[in-house]
Amino acid sequence: MELSKAYEPQKVEGRIYTLWEKSGFLNPDKLPGKRKKTYTIVIPPPNITGFLHMGHALNATCQDILIRWRRMQGYKTLWLPGTDHAGIATQNVVEKELKKEGKTRFDLGREEFIKRVWQWKEKYGDIILDQLKKMGCSCDWSRTRFTMDKDYVRAVEAAFQHYYDKGWIYKGKRVVNWCPRCQTSLSDLEIEYKEEKGNLWYIKYPVVKNSKSQAPNSKQIPYSKFQISNFITVATTRPETILGDRAVAVNPKDKRYKNLVGKTAVLPLVDRKLPIIADRLVDPEFGTGAVKITPAHDLNDYQISLRHGLPMIQVIDEQGKITKEAPLPYQGMRVFEARQKIVEDLKKLGLLEKTEEYLHQIPKCYRCGTTLELIPSEQWFLKMGELAKTAIEMVKSEKVRFQPKRWEKVYFDWLKNIQDWCISRQIWWGHKIPLKGVDDVLDTWFSSALWPFATLGWPKQTKDLKAFYPTDVLSTARDIINLWVTRMIFSGMEFMKKPPFKNVYIHATVLTKEGKRMSKSLGTGLDPLILCDKYGADATRFGIAWQIMGGQDIKFVEDNIVMGRKFCNKVWNATRFVLLQISNSKLQIPNKFQFTNSKLTVADKRILKALDKTIKAVNKDLEGFRFGQASRRLYGFFWHDFCDIYVEKSKIQSSKSKTEKENTQKILLYVLLNSLKLLHPFIPFVTEEIYQQLPIKNKKKCLMVEEWPK
RNA sequence: GGGCACUUAGCUCAGUGGCAGAGCGCUGCACUCACAUUGCAGAGGUCGCUGGUUCAAAUCCAGCAGUGCCCACCA
């Protein structure tokens with residue numbers, strides 16, 4: 001047999017992936033041998049709008065290394081793939097398409113629009129899964145799931161019903177984050193804050209003259225029907241919301257305003273009476289120490305309003321426009337427009353004391369970037385009390401372990417201050433809330449929360465569910481610890497009475513060389529498939545794995561992929577050398593014991609010992625999710641111990657006896673074969689290709705199902 | 001405002017108490033040799049700064065400076 005002079009991944013990868021698919025070994029039920037213990041990973045389902053980015057590539061590499069390693073160790077391994085319908089994200093993409101045709105989703109109507117989304121899904125939804133194949137991922141494609149499959153819909157309905165029957169789902173009018181563009185409420189976790197320059201406006205509110213007192217300086221002012229005595233100044237970043245004001249609040253300990261508490265202020269432009277109240281939430285250090293209270297459009301103010309029994313007035317609607325509750329001149333104006341006019345009007349009345357520049361965090365929709373409004377709205381909520389308690393307990397008792405451990409803190413901090421989960425969304429693409437007369441759909445994460453067991457057939461008690469639940473590892477990004485991981489944990493406990501996984505591996509974030517976030521919109525993204533084309537999928541995987549050190553973020557440099565490519569070529573060529581040394585007739589793979597009684601040279605003993613040490617160390621590394629250490633160890637062993645030292649020494653044969661020469665040949669083949677096995681989880685294509693071409697007798701059908709070295 | 005990380009060679013990073021390391025890049029030499037995607041040799045570092053603990057500190061402790069990320073109701 002003949003290997004080309006250099007390894008050419010383009011000629012190999014497609015063919016080898018087909019070999020794996022045809023072998024059936026991606027499916028745990030078709031793996032050879034008796035396999036009692038299972039090892040399961042469910043993939044974090046990428047959005048159907050998604051394309052593979054470096055984060056996916058890294059996560060896919062980690063998961064595939066683990067799965068291939070365990071598969072070779074004799075586990076019944078399942079890596080279950082799938083995609084998420086990603087409510088808002090997908091709806092937005094399809095809406096953008098419609099926009100090109102000059103249409104909105106309302107032109108089509110709900111039913112027609114959803115049809116459109118399904119068409120889109122059928123056409124593009126699986127692209128990202130094909131990209132995972134290019135990376136060499138050994139998922140069981142026969143079990144691919146989608147969060148809106150018929151069976152999955154049943155799981156979502158069953159889960160909803162369960163919570164409903166328990167009385168944990170309720171309807172409530174709350175001030176929620178609202179995206180005027182997506183026309184839906186959003187949960188706290190779906191907000192992104194962006195720092196923007198704004199102003200802090202200081203506005204003078206007249207104070208009504210106490211009817212009993214005879215203050216000499218009281219007067220009637222032209223713009224108010226009330227007699228006023230003096231003014232109280234409040235500071236605000238959003239003057240347009242004054243239209244919805246219901247009170248002015250100060251801190252109860254603030255001496256400056258002691259006399260004013262209990263009196264009444266007048267809301268400029270509206271001429272509404274506002275009680276002046278005291279509440280501990282008011283920070284006397286900020287602004288003037290007096291704050292306007294707008295219960296309908298601010299979360300703090302809403303809290304305060306509950307304590308003081310203040311009613312809401314909604315002055316901003318779902319479109320982000322001023323409502324009819326406001327005075328006529330402002331009605332129908334967009335928020336920003338109204339802001340400018342109100343500031344002008346206040347200035348004219350001499351009620352604008354001053355304006356300061358102010359840098360603050362503006363809430364944005366994490367899907368479309370539109371500035372969010374806070375508006376009161378009827379929504380469905382899921383009570384979090386018991387569920388949160390269970391979730392905390394699972395991690396505290398170490399039934400679920402975070403890896404690295406420090407991410408526990410993010411998890412606990414969120415759960416300890418948790419609010420009830422707003423599970424309704426006013427979009428069209430998603431799971432309809434299974435109640436009569438409700439058009440809302442469920443938050444995407446409600447269905448994602450069921451992923452580890454709904455994909456295995458729940459609520460039916462399937463064979464798969466019994467065999468593969470709970471899973472072993474969840475490997476995911478840190479930014480969805482609370483959006484997703486937390487919710488899977490309490491859902492798993494609620495419906496399966498067991499946590500959905502034993503380990504949560506929070507992988508590194510891939511940054512640019514400059515330490516910035518990789519993002520498509522900023523043009524700082526890097527397409528892993530381009531790297532695969534340029535250097536090969538193995539090189540890309542190895543280069544990525546090389547950089548995964550202790551969960552530290554990775555400033556990505558291509559240099560490591562170059563290293564990966566060189567390494568694959570080295571493995572290829574070392575094989576060529578070994579094959580030249582051994583005879584052409586098919587050889588039996590030497591077993592370890594054959595060496596123990598033979599006459600071994602110092603070099604022989606050294607390489608065998610080094611191999612042994614490497615096997616043990618790599619196992620330990622992988623058990624601890626230390627992918628970088630494992631790849632460096634394998635690299636060092638193969639390139640230096642094996643190629644530079646042992647192979648080079650083997651070339652000097654003149655002084656050797658016949659036995660020694662035979663030993664050398666056996667050891668070359670033995671070490672090579674074991675190296676291929678050890679390297680296979682990291683660089684599966686090249687090692688499989690070589691294995692397929694090795695002229696040895698007792699071969700398995702694929703290296704993928706060879707026995708892991710012991 | 002709170003939290004979590006990070007700072008070591010030109011670049012990207014290992015090393016967590018005992019002679020400063022890797023990959024990439026760079027310099028020189030070597031292609032009838034498995035591999036020039038190679039081999040051999042080499043240059044390159046006050047381990048962010050200041051103190052402390054120790055026989056011994058890149059490593060442990062304290063403080064400072066800088067960078068990044070996350071959370072948060074300061075209007």
Side-chain angles (χ1 to χ4, degrees), chain A residues 3-9 175 188-189 191-193 198 200-203 234-239 241-242 245 248-249 251 281-294 297-304 358 360-361 363 374 404-410 412-414 417 478-479 481-482 508-509 511-517 535-536 539 542-543 546-581 626 628-629 631-633 635-636 639-640 643-644 647-648 650-651 668 672:
Chain A
L3 263 60
S4 61
K5 204 170 172 187
Y7 173 57
E8 295 162 288
V175 174
D188 294 347
L189 293 167
I191 306 166
E192 263 171 18
Y193 289 90
L200 196 56
W201 284 276
Y202 287 76
I203 303 168
V234 302
T236 180
T237 55
R238 303 197 55 194
T241 63
I242 73 166
D245 280 4
V248 170
N251 192 287
L281 214 61
V282 181
D283 178 0
E285 302 294 320
F286 188 88
T288 61
V291 61
K292 58 190 229 44
I293 300 299
T294 320
H297 301 290
D298 185 283
L299 287 173
N300 271 339
D301 293 6
Y302 177 65
Q303 292 296 322
I304 291 175
Y358 186 67
H360 58 155
Q361 306 285 328
L374 287 158
K405 196 170 158 61
R406 65 172 182 272
W407 295 107
E408 279 180 2
K409 197 168 157 34
V410 173
F412 286 134
D413 284 354
W414 188 68
N417 303 306
R478 73 193 54 161
D479 40 345
I481 290 176
N482 291 323
T509 301
L511 306 171
T512 65
K513 196 176 173 179
E514 287 74 32
K516 297 271 158 63
R517 226 191 154 71
Y535 302 105
F542 199 76
W546 182 271
Q547 292 187 77
I548 302 173
M549 299 299 301
Q552 274 330 313
D553 287 348
I554 293 168
K555 286 187 202 161
F556 187 81
V557 283
E558 217 164 302
D559 298 352
N560 292 302
I561 312 292
V562 171
M563 176 275 302
R565 183 186 56 154
K566 288 181 178 180
F567 183 55
C568 291
N569 193 58
K570 189 73 179 176
V571 174
W572 183 263
N573 273 291
T575 305
R576 290 179 71 216
F577 175 81
V578 173
L579 293 182
L580 285 175
Q581 303 306 306
R626 292 185 295 271
Q629 283 87 343
S631 34
R632 281 156 207 243
R633 217 180 282 285
Y635 180 97
W639 201 305
H640 299 121
C643 293
D644 290 348
V647 168
E648 288 309 316
S650 78
K651 288 177 184 171
L668 282 171
L672 175 71

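Here is how names work: the chains are called A, B, and so on, in the same order as the sequence lines, proteins then strands, and each is numbered from 1.
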Taking B/U12 as the reference, what is the distance to B/U7 when you measure between their C1' atoms (whole Å, please)? 14 Å
Report yes if a side-chain nitrogen or oxygen of A/Lys555 is closer than 4.0 Å to either non-bridging phosphate oxygen (OP1 or OP2) of B/U7; otherwise report no. no
Strictly below 4.0 Å: does A/Lys5 bring a side-chain N or O up to OP1 or OP2 of B/U37? no
So what does A/Val234 hit on the nucleic acid, given a heavy-atom distance under 4.0 Å: a base, only sugar-phosphate, or nothing? nothing
What is the nucleic acid contact for A/Arg238, judged by heavy atoms within less than 4.0 Å: base, sugar-phosphate only, or nothing? nothing
Quick one: label A/Asp301 by what it contacts on the DNA or RNA (base, sugar-phosphate, nothing), any heavy atom closer than 4.0 Å. nothing
Quiz item: A/Lys570 side-chain donor-acceptor pair to B/C35 base, under 3.5 Å: yes
Lys/Arg-Asp/Glu bridge criterion (N-O < 4.0 Å) met for A/Asp553, A/Arg478: yes
Does A/Lys292 have a side-chain nitrogen or oxygen under 4.0 Å from the phosphate oxygens OP1 or OP2 of B/A75? no
Dot-bracket for RNA chain B, please, read 5' to 3', with Watson-Crick or G-U wobble pairs under 3.5 Å on both distances, ( ) within the strand, [ ] crossing, | other strand, . unpaired. ((((((((.[[[[.)..(..]]]].(((((.......))))).....[[[[[..)....]]]]])))))))....
May I ask you to say what A/Val282 touches in the nucleic acid, namely base, sugar-phosphate or nothing, with a heavy-atom cut-off under 4.0 Å? base
Gap between atoms CZ and P, on A/Phe567 and B/A22 respectively (whole Å): 17 Å
My understanding is that only residues two or more places apart in sequence, or in another chain, count here; which of them pass ring pair (Phe, Tyr, Trp, His ring centres under 6.0 Å) with A/Phe577? none
What does A/Trp639 touch in the nucleic acid at a heavy-atom separation under 4.0 angstrom: a base, only the sugar-phosphate, or nothing? sugar-phosphate
With no angle test and no hydrogens, is the base of B/A36 tied to the side chain of A/Lys566 by a donor-acceptor pair under 3.5 Å? no
Please check the phosphate of B/C74 (OP1 and OP2 only) for any side-chain N or O of A/Tyr358 closer than 4.0 Å. no
Base of B/A34 paired with side chain of A/Glu648 (donor-acceptor, under 3.5 Å): yes
Comparing nearest nucleotides in RNA chain B, the 5'-proximal residue of the pair A/Ala235, A/Glu8 is A/Glu8
